[in-house]
Novice: 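First the structure, which I've put down as structure tokens, then a few questions once you've had a look.
Each ligand, and each atom within it, is numbered from 1 in the order the structure gives. In what follows, residues are counted from 1 in the order of the sequence shown.
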Amino acid sequence: MFRQSAFRIFAVMKSFQEILLQTDFARDDLVALLLAEGEDRQQLFQRAQAIKLNTVGNKIFFRGLIEFSNICSKDCLYCGIRKSNKKVNRFEATDDEILEACRFAWLNRFGSVVLQSGEQSSPTFIQRINLLLRKIKEISNGELGITLSCGEQSIETYRQWRENGAHRYLLRIESFNADLYRKIHPEDDFHSFERRLQALKDLKTTGYQVGTGVMIGLPFQTTEDLADDLLFLKQIDVDMVGMGPYLEHEDTPLYKFRNLIKPKQERFDMALKMVATLRLLLPDINIAAATALQAIDPAGREKALTIGANILMPNLTPCEYRKEYQLYEDKPCLEEDADLCRNCLEARIELAGCKIGYGEWGDSKHYKK
Ligand code: SAH
């Protein structure tokens, strides 16, 4: 009797090795991967890297990141540039400054730029982006790819921006657990989980390559939540993912829960395992090595590149504005100018064993399919 049931348990229990070699994953499998330590963890990283090389290849693509404004109408409880943070000096880079950064990206053969900002949706803002998109295409001979990351907008706005030249959009869902989402945002319609999810659907409808992601190591977040996040990323059929560790910011309401979060190094380790596990689950998408990784470990982004990520976003924001775009504490590269950043990046990427896809858009293979 006993022997029979023991046998049954043995028969359904999978080894870590068996899980690693699967091509589809249940929630429990993902949890097991996210909890891997020691030798198992090394094997997860090796498997992720092998899958990456077999599907998207060895190349890293650059997206020059231009954080062009910190003016924001939202009040997200974790974010340093939230509307209610009165310590922040609000700025808006001029068109010339933005175009100069784009020109730098183009001359240095970065395939694309990302224009990111706080959330605004006035007609003036919408129109400004329309014009900027056209100018960026003009000055780069139509060669620069453009990703936008300007928050939730109406489907009509997304459509206009798409028509004017943007072809990718990043909008992190932050957490797919609706309860957790509510805990880290003000409770009103303007910050609703459903609205954010709808925005992601609208971006798909309007033809963008859609990128989303979550923060890792939030207060109240469990490993099961993170496994669910991965399953949701698959379910909504994303083309690109950017996710990184949550980093507390003193001037935000979420800071009071800092005793509930794991030490920074653990959040960092979990973020790496999330990247590797995601590569197993969705082999052909683009995965960014998030800047927040670098805030914990100076080589954090390169580490992500060796275990599954294939996109890097060098910061091209004019230096004078960087200190005012502090989403979290210890945001890196505050002093460096874009040029310096590029040189150090190049050496570090080669050290990570990757090649740079200069002058290529590096679109998501998943989207092309
Ligand atoms: N307004 C845009 C861009 C937001 S900033 C939008 O709504 O999409 C880009 C990302 O920074 C956010 O989506 C969030 O995931 C991340 N971020 C903000 N505060 C953070 C913090 N304290 N720690 C880690 N990441 C943070």
Novice: Using the rule that two of Ile, Leu, Val, Met, Phe, Trp, Tyr join whenever any of their side-chain heavy atoms come within less than 4.5 Å, decide whether Val241 and Trp361 are in one cluster.
Specialist: no
Novice: Taking heavy atoms and a distance under 4.0 Å, where does Arg172 meet ligand 1: side chain, backbone, both or neither?
Specialist: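 The answer is the side chain of Arg172.
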Novice: Where is the tightest heavy-atom contact between Leu305 and Gln49, given as atom of each residue plus distance?
Specialist: O-OE1, 3.7 Å
Novice: Are Val238 and Met243 connected into the same hydrophobic cluster when the rule is that any two of I, L, V, M, F, W, Y join if their side-chain heavy atoms are below 4.5 Å apart?
Specialist: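 Same hydrophobic cluster.
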Novice: Within 45 degrees of the axis of the six-membered ring of Phe125 and under 6.0 Å from its centre: does Arg128 put its NZ or CZ there?
Specialist: no
Novice: So which protein heavy atom does atom 26 (C) of ligand 1 come closest to, and at what separation?
Specialist: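 Of every protein heavy atom, Met215 SD, 3.5 Å lies nearest to atom 26 (C) of ligand 1.
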Novice: As a check for students: among Tyr325, Tyr246, Tyr328, Tyr78, identify the option with a heavy atom nearest to atom 18 (C) of ligand 1.
Specialist: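 Answer by nearest heavy atom: Tyr78.
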Novice: In this structure, which one of Asn85, Leu254, Leu327 forms a side-chain contact (heavy atoms from CB on, under 4.5 Å) with His249?
Specialist: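 Among Asn85, Leu254, Leu327, the one that satisfies the side-chain contact (heavy atoms from CB on, under 4.5 Å) with His249 is Asn85.
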Novice: Taking both backbone and side-chain atoms of Glu174, is any N or O found less than 3.5 Å from an N or O belonging to ligand 1?
Specialist: yes
Novice: Side chains of Met270 and Leu226, heavy atoms from C-beta outward: is any pair under 4.5 Å?
Specialist: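 In contact.
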Novice: Would you please determine whether Gln116 falls within less than 4.0 Å of ligand 1 on a heavy-atom basis?
Specialist: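 Yes, Gln116 has heavy atoms under 4.0 Å from ligand 1.
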Novice: For this output row, return yes or no: ring centroids of Phe257 and Phe220 closer than 6.0 angstrom.
Specialist: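 Ring centroids of Phe257 and Phe220 are less than 6.0 Å from each other.
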Novice: Of all the non-hydrogen atoms in the protein, which one sits nearest to atom 24 (C) of ligand 1, and at what distance?
Specialist: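 Of every protein heavy atom, Pro245 O, 3.4 Å lies nearest to atom 24 (C) of ligand 1.
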Novice: Look at atom 7 (O) of ligand 1 and say which protein heavy atom is nearest, naming residue and atom and giving the distance to 0.1 Å.
Specialist: Arg196 NH2, 3.3 Å
Novice: Within ligand 1, which atoms have a heavy atom of Gly151 less than 4.0 Å away?
Specialist: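 Listed by number with element: 2 (C), 6 (C), 7 (O), 8 (O).
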Novice: Please answer: with hydrophobic residues joined when any side-chain heavy atoms are less than 4.5 Å apart, are Ile285 and Leu272 in the same cluster?
Specialist: yes
Novice: Just go through Ala290, Ser117, Ala199 and tell me whose heavy atom is the nearest to atom 4 (C) of ligand 1.
Specialist: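 It is Ser117 that holds the nearest heavy atom.
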Novice: Could you tell me whether some N/O pair between Leu171 and ligand 1 is separated by less than 3.5 angstrom?
Specialist: no
Novice: With only distance considered, is Ser149 within less than 3.5 Å of ligand 1 through an N or O on each side?
Specialist: no
Novice: What protein heavy atom sits nearest atom 11 (O) of ligand 1, and how far away is it?
Specialist: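 Nearest neighbour among protein heavy atoms for atom 11 (O) of ligand 1, to 0.1 Å: Leu327 CD1, 3.4 Å.
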Novice: Can Asn177 and Ser175 be counted as having a side-chain donor-acceptor contact under 3.5 angstrom?
Specialist: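 No, because no side-chain N or O of Asn177 sits under 3.5 Å from a partner of the opposite role on Ser175.
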Novice: Among all protein heavy atoms, pick the one closest to atom 22 (N) of ligand 1 and tell me residue, atom and distance.
Specialist: Leu247 O, 2.8 Å
